[in-house]
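Accompanying notes for the structure given below.
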4 protein chains.
Amino acid sequence: MSDIEPWLTELLRLNDEEEKMTDKQIKIVQAAVEIFSEKGFAGSSTSEIAQKAGVAEGTIFRHYKTKKELLLSIVAPMMTKLIAPFAVKDFTKILEADYPNVEQFLRAITVNRLEFARKHFPVIKIFMHEIPFHTELREQFKETVAVLVLEKAYKAIRHFQEKGQIIEMPAPSSMRLIASTIIGLLITRFLLAPDSEWDEAKEIDYTINFIMYGLSPRA
Amino acid sequence: MSDIEPWLTELLRLNDEEEKMTDKQIKIVQAAVEIFSEKGFAGSSTSEIAQKAGVAEGTIFRHYKTKKELLLSIVAPMMTKLIAPFAVKDFTKILEADYPNVEQFLRAITVNRLEFARKHFPVIKIFMHEIPFHTELREQFKETVAVLVLEKAYKAIRHFQEKGQIIEMPAPSSMRLIASTIIGLLITRFLLAPDSEWDEAKEIDYTINFIMYGLSPRA
Amino acid sequence: MSDIEPWLTELLRLNDEEEKMTDKQIKIVQAAVEIFSEKGFAGSSTSEIAQKAGVAEGTIFRHYKTKKELLLSIVAPMMTKLIAPFAVKDFTKILEADYPNVEQFLRAITVNRLEFARKHFPVIKIFMHEIPFHTELREQFKETVAVLVLEKAYKAIRHFQEKGQIIEMPAPSSMRLIASTIIGLLITRFLLAPDSEWDEAKEIDYTINFIMYGLSPRA
Amino acid sequence: MSDIEPWLTELLRLNDEEEKMTDKQIKIVQAAVEIFSEKGFAGSSTSEIAQKAGVAEGTIFRHYKTKKELLLSIVAPMMTKLIAPFAVKDFTKILEADYPNVEQFLRAITVNRLEFARKHFPVIKIFMHEIPFHTELREQFKETVAVLVLEKAYKAIRHFQEKGQIIEMPAPSSMRLIASTIIGLLITRFLLAPDSEWDEAKEIDYTINFIMYGLSPRA
DNA sequence: AATGAATGAGAGTTCATTCAT
DNA sequence: AATGAATGAACTCTCATTCAT
């Protein structure tokens with residue numbers, strides 16, 4: 001694994017379309033992210049957002065027809081970025097070429113998503129809170145993640161199973177175990193203990209090793 | 001590990017104090033759980049709750065001074081039950097007597113909390129959604145869980161480390177890995193794939209084995 | 001003027017019919033007086049009264065059909081007592097017999113109403129605040145005061161005018177000046193400066209002298 | 001005393017700052033004054049005010065955060081105007097220059113406050129009814145009236161006592177007698193007998209003479 | 001593009017009153 | 001006589017949204 005993942009970082013630039021936005025619009029989005037993530041969507045008021053953004057109440061509705069549209073404009077692009085690492089065409093080739101073993105692959109994903117979470121934490125928080133309450137979000141998520149990520153992830157898992165690097169087990173179960181562990185790492189880092197001292201390199205090592213041994217083909 | 005954990009199941013009966021409640025009050029609580037878990041606290045209206053409960057809106061406020069008090073009356077007792085398995089005095093003794101090895105201990109906890117989640121799923125969902133937005137909830141949670149559960153859990157981890165059954169590693173890190181994996185199981189079962197076919201025994205086995213191998217002392 | 005006004009004190013006993021009242025009813029009335037006088041009728045709630053009285057909410061309505069009826073049951077009897085000094089039949093005879101001069105008459109009235117106000121201050125306060133908002137109260141007041149008190153008062157004024165003790169002036173105007181001055185004394189004593197030091201005898205003297213000189217036939 | 005009191009009338013123009021107000025806001029205030037004075041603050045509903053003002057109920061709360069703020073916005077400025085005649089710096093100079101004798105001074109004050117009451121009667125009524133129930137109002141009133149008016153009034157009283165025009169007596173007592181008589185005049189005119197025939201000039205004469213003789217140095 | 005006054009539906013909450021116990 | 005759970009209308013206040021400027 002190289003230090004920088006060119007194909008990853010490139011993808012992250014997608015949808016960073018805060019161009020074309022007026023000054024005020026950017027401020028609205030920033031304020032909305034802050035307030036939504038602090039109080040939840042339903043618990044936030046557009047007037048509070050307007051105030052924090054320093055714009056008139058009406059201005060919000062000039063750019064977004066409804067409050068919900070504002071939410072979606074924030075959360076939807078994040079989803080695209082979330083799955084970016086998997087949105088590459090020749091996934092198997094990349095596996096073969098760049099990741100001779102599981103560990104390197106897992107480490108790449110982990111480090112990369114850790115950075116992603118660090119950068120987009122508030123939006124991810126909003127997303128996770130709102131997804132149960134908004135059908136569109138859920139649908140969109142299913143379409144992208146289920147179809148794209150899961151498919152690629154299963155492919156990777158089977159790839160490494162075939163190479164005998166990890167134990168034979170239904171891909172969904174392996175996926176669940178790996179994802180739980182990595183997401184648990186992210187949640188611990190950013191939600192539960194955001195301020196505590198934390199030797200990140202060591203915790204990543206623990207995590208990767210845990211998965212590696214947990215999935216190692218039994219003797 | 002016996003099939004039934006007497007000291008566990010017993011504790012679970014605690015706080016089931018829905019006695020003294022009027023008929024209507026019970027209906028209010030039931031309706032509130034349903035609606036809160038469906039739309040979130042801020043997204044639910046007391047009038048909707050009243051309607052679903054079949055009572056006048058004023059009746060809600062006869063029993064709960066505010067909407068928030070209603071929320072807390074639902075969520076707070078659940079927290080007590082959540083940590084019940086750890087709220088036992090002679091925890092180490094129980095470890096020694098009932099759980100000669102980690103696997104049995106993990107399996108007991110997993111099965112037990114799986115049942116708990118099955119039973120209290122809607123309230124747990126409410127709890128998880130609201131905890132970021134309500135300081136009181138967060139405080140109460142920290143007081144009970146952090147103090148009680150973590151302490152006991154760390155004790156158990158060190159206990160099994162000393163017996164050489166699991167790898168040496170800071171207890172919080174071990175805890176994170178174990179908890180992530182088990183909670184991942186619960187979330188997959190009840191949130192992500194509630195309707196899908198699911199061979200529970202097998203998934204539990206995968207999960208326990210994953211943890212066991214993941215934490216096994218390296219050769 | 002004798003120290004005690006027998007015909008006055010006797011009348012004051014009228015309507016002290018707190019007999020027949022149950023224990024709880026008395027407590028209700030006491031609580032109502034306190035709360036009404038503190039927050040006004042419209043600003044007080046029956047539940048607060050019930051609480052302060054130590055009875056159930058329903059109990060109030062067992063004794064008084066409505067909140068307003070409770071108010072009237074408190075205020076109406078006070079009105080009767082208020083005008084008691086004038087509710088005597090042979091008023092002129094009493095004037096002739098007991099009060100050879102204005103000063104004695106004024107002093108008797110002043111001292112007597114001062115005592116009355118001291119005793120019934122909270123109820124008087126309620127009465128004064130509510131009279132503009134309740135037609136019945138106003139009607140009842142007009143009937144008793146206008147018809148009874150004014151008539152008697154004018155008679156007394158004319159009586160002393162004929163005796164040359166006070167200046168010729170339309171009785172209503174004289175009445176206004178006298179009443180203003182005495183009521184001003186009461187308000188100052190009980191409303192504006194209830195806690196301040198106050199040489200009552202001296203203030204009464206000032207007041208009576210002010211009226212006497214103010215109404216003295218001009219040289 | 002000249003017919004017009006330039007320094008008085010000028011001051012009365014203060015605070016007539018109904019500029020900057022929207023059309024609707026003015027209507028709200030007008031409706032509020034009417035309804036508050038008719039039913040009292042606690043007895044009035046914002047919906048009724050909105051209806052009478054011909055605006056949506058929400059509009060009230062766009063301009064006034066709470067119902068109480070609406071009340072204060074009506075009553076507070078009136079207090080300033082109420083004490084305007086005394087809010088002049090060189091009060092003693094004015095006394096010397098413009099009022100060679102008490103009578104002229106009293107007449108000026110009386111006539112002026114009579115006009116004030118005529119103009120602001122509904123607001124004064126609201127004020128008098130609400131002052132016992134709102135601490136802020138009471139505090140503000142004490143600060144302005146007690147400090148400003150009383151100080152000036154006592155100064156005037158002592159001024160005329162020194163000139164031998166009125167009897168020696170503690171200033172507060174004199175003040176009480178004068179104020180009672182004048183306020184009695186206002187109340188009679190506007191509250192008790194608003195519709196009756198009333199020879200105002202004559203009643204003012206009676207009143208002034210009553211005070212003059214009542215306070216004349218005894219022979 | 002931006003404003004902010006205005007809206008009216010609906011929010012949470014209070015309240016006088018009723019009624020079964 | 002007394003209770004207190006229940007009611008539903010009314011209350012104050014909030015909110016997303018509209019629209020004239």
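Just the heavy atoms: all of them, side chains too, but no hydrogens, waters or symmetry mates, feed the values below. Just so it is clear: chains get the letters A, B, ... in the order the sequence lines come, proteins before strands, and each one is counted from 1. Source: prediction; values computed, not measured.
Surrounding CE of D:Met128 are at most 12 heavy atoms belonging to other residues, nucleotides or ligands under 6.0 Å away. Applying the 6.0 Å contact sphere to CD of B:Gln51 captures no more than 12 heavy atoms from other residues, nucleotides or ligands. For NZ of A:Lys52, the number of neighbouring non-hydrogen atoms (other residues, nucleotides, ligands) closer than 6.0 Å is greater than 12.
For DNA chain E, each stem of at least three Watson-Crick or G-U pairs (distances under 3.5 Å) is given as range with range: E:2-21 with F:2-21.
The minimum heavy-atom distance between A:Ile60 and A:Thr46, with the atom names listed, is CD1-O, 3.4 Å. Counting all heavy atoms, side chain and backbone alike, C:Tyr64 lies closest to C:Ser73 at CE2-OG, 3.3 Å. Listed here is the closest heavy atom pair of C:Ser37 and C:Lys125: O-NZ, 2.9 Å. Pairing each heavy atom of C:Gly54 with each of C:Lys24, the nearest pair is O-NZ, 4.2 Å. Contact between D:Phe41 and D:Lys67 at its shortest, heavy atoms only, is O-NZ, 3.0 Å.
Phosphate proximity of E:dA16 to C:Lys67: present, with a side-chain N or O under 4.0 Å from OP1 or OP2. Phosphate contact (OP1/OP2 of E:dA16, side-chain N/O of C:Lys65, threshold under 4.0 Å): absent. At F:dT7, one or more side-chain N or O atoms of B:Thr59 fall inside 4.0 Å of OP1 or OP2 (strictly under the cut-off). Under 4.0 angstrom from either OP1 or OP2 of F:dA16 there lies no side-chain N or O belonging to A:Lys68.
If you take OG1 on D:Thr135 and CZ on D:Arg138, they are separated by 5.0 Å, rounding to the nearest 0.5 Å.
Of the two residues near DNA chain E, D:Gly54 and B:Thr66, the one whose nearest nucleotide lies more 5' is D:Gly54.
Among the atoms of the strands shown, base atoms are found under 4.0 Å from some heavy atom of D:Glu57. Heavy atoms of A:Thr22 sit under 4.0 angstrom from primed sugar atoms or phosphate atoms, though from no base atom.
Nucleotide E:dA5 holds its C1' atom 15 Å from the CZ atom of A:Arg62, rounded to whole Å.
Distance from the side chain of B:Ala56 is smallest for F:dT7 among the nucleotides E:dA1, F:dA16, F:dT7.
Within residues 39-46 of chain B, the residues approaching DNA chain E are B:Ser44, B:Ser45, B:Thr46, by heavy-atom distance under 4.0 Å.
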